Number of protein chains: 2
Amino acid sequence: MNTTVQTRDPERTRTRLLDAAEALFVDQGFSAVRLSALARSAGVTKSLIHHHFGSKEKLWEAVKDRAFERYFTAQMAMLEEAGEPDAALLRSSVEAYFHFLRDNPGVVRLFAWTHLEGDDTCSELDAKLVGAGAEWVRQAQQRGLLRGDVNPTHVIAVFVMACTQWFEAKPHHQQWPGMGSDEAFLADFLTIFMEGVTPRG
Amino acid sequence: MNTTVQTRDPERTRTRLLDAAEALFVDQGFSAVRLSALARSAGVTKSLIHHHFGSKEKLWEAVKDRAFERYFTAQMAMLEEAGEPDAALLRSSVEAYFHFLRDNPGVVRLFAWTHLEGDDTCSELDAKLVGAGAEWVRQAQQRGLLRGDVNPTHVIAVFVMACTQWFEAKPHHQQWPGMGSDEAFLADFLTIFMEGVTPRG
DNA sequence: GTTTTAACTGGTCGGCCGGTCAATTATTTG
DNA sequence: CAAATAATTGACCGGCCGACCAGTTAAAAC
């Protein structure tokens with residue numbers, strides 16, 4: 001147990017830097033962030049950034065790695081909690097995904113910056129999630145609980161993309177005439193989506 | 001007709017600058033673009049950028065204005081070509097929108113950078129399009145051609161967001177396991193979407 | 001043809017950017 | 001305890017960034 005007041009705490013410094021950097025990168029993107037501003041925001045000197053991370057680029061990688069790791073872990077946990085595939089569970093999975101993004105706006109923006117930069121290293125993590133989700137849909141299709149004439153990966157893609165885009169450009173979309181709240185949009189999306197993936201009775 | 005070889009052509013210079021700037025901004029976003037690189041790419045001196053546009057910021061605005069104007073005009077033309085609202089026309093509108101984005105990848109990225117920057121000036125243009133589209137959906141609902149228990153604006157939003165996100169992060173999504181081509185995804189999306197917005201027979 | 005306008009050039013500038021380094025000192029190692 | 005390690009500091013650097021400006025000249029206005 002470490003109860004002594006430390007005058008030096010490299011782990012804490014690293015975390016403070018990662019936290020401050022994530023906030024700035026989420027807000028402004030990689031190239032608009034100035035290391036001087038980051039140092040000020042994190043309450044450390046600029047040299048410490050290079051001491052702990054080597055360069056601005058490597059810091060950016062570290063921030064992305066940590067954030068996407070968190071995302072991946074949370075999603076995997078949600079997937080493993082899910083039980084037998086059926087339509088009701090698909091609905092609640094979409095709801096859970098939507099609410100996760102609502103509660104983690106940073107990761108949505110981080111994904112967006114990353115994609116625009118052409119960095120698709122995170123697709124490897126995503127591939128596992130999407131693969132597992134698609135397999136889940138496939139099982140439901142074979143049991144006749146979801147319509148079988150659509151690519152399971154596309155089923156996942158449709159709701160992931162709709163949710164992602166909703167939060168990625170939320171300030172923009174909310175100025176559209178007639179646009180409702182988060183929950184109102186989710187409800188209508190679910191109405192359309194679930195009706196679309198359910199087999200005709 | 002102007003057939004003389006001009007040693008000066010301000011209009012042409014402006015256009016060359018706007019074209020080159022759009023290409024760079026689309027690719028790298030605002031802050032990563034260097035005016036020196038732009039000048040080189042456009043084949044003009046750096047001073048001319050300031051002469052014609054005043055500052056990097058104002059040039060960025062000019063690029064966005066021109067691109068969004070083109071987008072707006074093209075979309076308005078598509079809307080006005082549309083005839084009486086019904087389900088078949090909604091389907092072909094979604095197809096047309098999807099193919100427009102496929103053929104204009106630049107505008108998708110420009111929208112994305114713009115939204116991430118928190119600039120929502122383009123929502124004013126968008127508002128007209130969305131308003132017209134939603135009104136169109138509302139009419140179809142009243143005639144019983146589309147299900148009436150969903151917000152018309154949300155119907156527009158769902159397909160716009162799905163199409164936008166598909167192209168915005170295309171290199172990323174295409175690495176997902178089982179993901180199909182543009183057309184395969186569009187077909188499955190339409191299957192789900194149209195089934196979802198069509199009233200139960 | 002003369003004047004006015006403005007397109008265009010080359011040189012320059014202050015500032016800040018990411019990055020480096022030597023020196024200091026708290027912590028760990030042995 | 002001494003020695004090695006590494007966290008931290010502040011001063012510093014070359015380079016480039018966006019911007020500016022005085023001067024030149026083609027084109028437009030009259």
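Quantities reported herein were computed from a predicted structural model and do not represent experimental measurements.
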I want to check one thing: is the phosphate of [N], taken as OP1 and OP2, less than 4.0 Å away from some side-chain N or O of [X]?
X	N	result
B:Ser36	D:dC16	no
B:His51	C:dT9	no
B:Thr13	C:dC8	yes
B:Thr45	C:dT9	yes

Nucleotide [N], atom [atom2] - distance to [atom1] of [X] in whole Å:
X	N	atom1	atom2	answer
A:Asp9	D:dA7	CG	P	11 Å
A:Leu59	C:dG19	CG	C1'	14 Å
B:Ile49	C:dG10	CD1	P	14 Å
B:Arg40	D:dC17	CZ	C1'	13 Å
B:Leu48	C:dT9	CG	C1'	8 Å
B:Arg12	C:dA7	CZ	P	16 Å
A:Arg16	D:dT8	CZ	C1'	14 Å
B:Phe53	C:dA7	CZ	C1'	13 Å

Original post:
Which listed nucleotide (D:dG18, D:dT9, D:dA27) is nearest to the side chain of B:Arg34?
Top reply: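 Output: D:dG18.
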Subject >> B:Asp126 and A:His172 side chains, donor-acceptor separation under 3.5 Å >> reply: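 Per modelled atom types, A:His172 and B:Asp126 side chains form a pair under 3.5 Å.
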**OP:** Count the heavy atoms of every other residue, nucleotide or ligand shown that sit under 6.0 Å from CD of A:Glu124, and state whether that count exceeds 12.
**Re:** no
Side-chain donor/acceptor of [X] to backbone N/O of [Y], under 3.5 Å:
X	Y	value
B:Arg109	B:Glu168	no
A:His99	A:Glu95	yes
B:Lys56	B:Phe30	yes

Original post:
Do the ring centers of B:Phe25 and B:Trp113 come within less than 6.0 Å of each other?
Top reply: no
Original post:
Are the aromatic rings of A:Phe68 and A:Phe111 close, with centres under 6.0 Å apart?
Top reply: yes
Would you list the atom pairs, donor with acceptor, under 3.5 Å between side chains in residues 140-159 of chain B and any protein atom, with sequence neighbours excluded?
residue  : atom : partner  : partner atom : Å
B:Gln141 : NE2  : B:Arg147 : O            : 2.9
B:Gln141 : NE2  : B:Val150 : O            : 2.9
B:Arg143 : NH1  : B:Glu84  : OE1          : 2.9
B:Arg143 : NH2  : B:Glu84  : OE1          : 3.3
B:Arg147 : NE   : B:Asp149 : OD1          : 2.8
B:Arg147 : NH1  : A:Glu195 : OE1          : 3.3
B:Arg147 : NH1  : B:Gly196 : O            : 3.3
B:Arg147 : NH2  : B:Asp149 : OD2          : 3.0
B:Asn151 : OD1  : B:Thr153 : N            : 2.8
B:Asn151 : ND2  : A:Gly178 : O            : 2.8
B:Thr153 : OG1  : A:Pro177 : O            : 2.9
B:His154 : ND1  : A:Asp188 : OD2          : 2.7
B:His154 : NE2  : A:Gly180 : N            : 3.0

Could you list all N or O pairs between the protein and nucleotides 19-22 of chain D that sit under 3.5 Å apart?
residue : atom : partner : partner atom : Å
D:dA19  : OP2  : B:His50 : NE2          : 3.1
D:dA19  : OP2  : B:Lys56 : N            : 3.0
D:dA19  : N6   : B:Lys46 : NZ           : 3.3
D:dC20  : N4   : B:Ser47 : OG           : 3.4

Original post:
Per the salt bridge (Lys or Arg N to Asp or Glu O under 4.0 Å) rule, which among A:Lys64, A:Arg70, A:Arg16 passes with A:Glu22?
Top reply: A:Arg70
Original post:
Looking at residues 17-32 of chain A, who's got a heavy atom less than 4.0 Å off DNA chain D?
Top reply: none
